[in-house]
Colleague: 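There's a structure below that I have some questions on.
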Amino acid sequence: RRQVVEDLIEMQVPPRDVWLQSFVPEDVFWWIENYPEFGVQAVALDMTAFTKEEVDEWLDRLEENNVNIVAPPMSRLLEPDPSSEFLIKPSYYAK
């Protein structure tokens, strides 16, 4: 966690050019707390939320920890819709 940010600072990479990402939410929370200039656009990658309840719980947890960006897999953002012109629609997660 720390080393990647310290390396970026040492190389003088502007925080606005960095999008730290992790599947481990605690990493993202840590960046937000300890390096807010980098953490403000840290990305919480998601591979766990499947049901509506899990999605709500996941997003609530991120919001409580000031996470601004979440990146679920595309498969979680769409669901089948036979009545739609394109046969898909935004999922609950996408809404």
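We number each residue from 1, following the sequence as shown.
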Colleague: Checking Glu10 now: which residues fulfil side-chain contact (heavy atoms from CB on, under 4.5 Å) with it, not counting sequence neighbours?
Modeller: none

Colleague: Where the side chain of Ser91 meets the backbone of Arg76, is there a donor-acceptor pair that is under 3.5 Å apart?
Modeller: yes

Colleague: Of the options Ile32, Val13, Val18, which is the one that meets Phe38 in a side-chain contact (heavy atoms from CB on, under 4.5 Å)?
Modeller: Val18

Colleague: Do Leu20 and Leu8 make a side-chain contact, defined as non-hydrogen atoms from C-beta onward lying under 4.5 Å apart?
Modeller: yes

Colleague: Who pairs with Lys52 by salt bridge (charged side-chain N to carboxylate O under 4.0 Å, His left out), at least two apart in sequence or on another chain?
Modeller: none

Colleague: Checking Ser84 now: which residues fulfil side chain to side chain donor-acceptor pair (under 3.5 Å) with it, not counting sequence neighbours?
Modeller: none

Colleague: Tell me which pairs pass ring-ring contact (aromatic ring centres under 6.0 Å, His included) where either residue lies in residues 13-34, with sequence neighbours left out.
Modeller: Trp30-Tyr35

Colleague: Under the salt bridge (charged side-chain N to carboxylate O under 4.0 Å, His left out) test, which residues partner Glu64, sequence neighbours left out?
Modeller: none

Colleague: Kindly check if the number of other-residue, nucleotide or ligand heavy atoms within 6.0 Å of CD (Gln21) is above 12?
Modeller: yes

Colleague: Is any side-chain heavy atom of Val28 less than 4.5 Å from a side-chain heavy atom of Asn65?
Modeller: no

Colleague: Could I get the full list of salt bridge (charged side-chain N to carboxylate O under 4.0 Å, His left out) partners for Glu79, not counting sequence neighbours?
Modeller: Lys89

Colleague: In plain terms, say whether Arg61 and Glu54 are close enough for a salt bridge, that is, a side-chain N and a carboxylate O under 4.0 Å apart.
Modeller: no

